Amino acid sequence: MAQEKNLETKIKKFLTKQGIYHFKTKGSMFGKIGLPDLILNFNGRFVAIELKSKKGKASLEQLKNGYKIAENNGIFAIIDDFKKFLEFYQDIVMNRTQIRHSLSYEELKETYKELQDKTINKEKIKEEKKQKEKENKKKKIENLKLIKNKVG
């Protein structure tokens, strides 16, 4: 978390110095889940950045939001260090068609679908495990009833 916060601070200082409109989103129980950390508007583009530590991974909701942004011609990126941010920034400033460290609509669609499938499979496995535990508990209770009937 500290690594993410340090990266955020560095990027916000850079953006402020460049005069680029940006803001940090704030998550809360009343807000939309999975919002990107930073929203920018420069060079006529809507840009959303999800900040992660080197080991961090985007959640299903974050990818879903990135997918919606890219679907509407915005730019979505997951950035985990300042050097990558500068490359990303430079590509946007230069109005390049290929923007390093951004995710295309197709990539986001595929990644979101894969993560969604994994999540569904995990939930399915969890539910199957719960069902087995229920059945085992039921069997134990039946066995205890049989033993009680034999004993007494």
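Because the structure is a prediction, the values reported are computed rather than measured.
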Going by ring-ring contact (aromatic ring centres under 6.0 Å, His included), name the residues that satisfy it together with F42, two or more places apart in sequence or in a different chain. Y89
What pairs with F88 under ring-ring contact (aromatic ring centres under 6.0 Å, His included), at least two apart in sequence or on another chain?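 Result, ring-ring contact (aromatic ring centres under 6.0 Å, His included) vs F88: none returned.
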By side-chain hydrogen bond (donor to acceptor under 3.5 Å, both in side chains), which residues pair with [X], not counting sequence neighbours?
X   : result
D80 : K84
D81 : K54
N72 : none

Apart from I33 itself, residues in the same hydrophobic cluster as defined by side-chain heavy atoms under 4.5 Å: none
Starting at CD of E4, measure out to NZ of K52 and round the result to the nearest 0.5 Å.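 Spacing of CD (E4) from NZ (K52) equals 5.5 Å.
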So which pairs with a foot in residues 26-49 pass salt bridge (Lys or Arg N to Asp or Glu O under 4.0 Å), sequence neighbours left out? K24-D37
Which pairs, with at least one residue in residues 90-99 and sequence neighbours excluded, count as a salt bridge (Lys or Arg N to Asp or Glu O under 4.0 Å)? D91-R96, D91-R100
Hey, can you pull the donor-acceptor pairs under 3.5 Å for the side chains in residues 10-20, sequence neighbours left out?
from : atom 1 : to  : atom 2 : distance (Å)
K12  : NZ     : E8  : OE2    : 3.0
T16  : OG1    : K12 : O      : 2.8

Using the test salt bridge (Lys or Arg N to Asp or Glu O under 4.0 Å), find all partners of E71 that sit at least two apart in sequence or belong to another chain.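 Once residues adjacent in sequence are excluded, the partners of E71 under the salt bridge (Lys or Arg N to Asp or Glu O under 4.0 Å) criterion are K68.
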Go through the structure and list residues passing salt bridge (Lys or Arg N to Asp or Glu O under 4.0 Å) with K64, not counting sequence neighbours. none
Residues in side-chain contact (heavy atoms from CB on, under 4.5 Å) contact with T111, at least two apart in sequence or another chain: L63
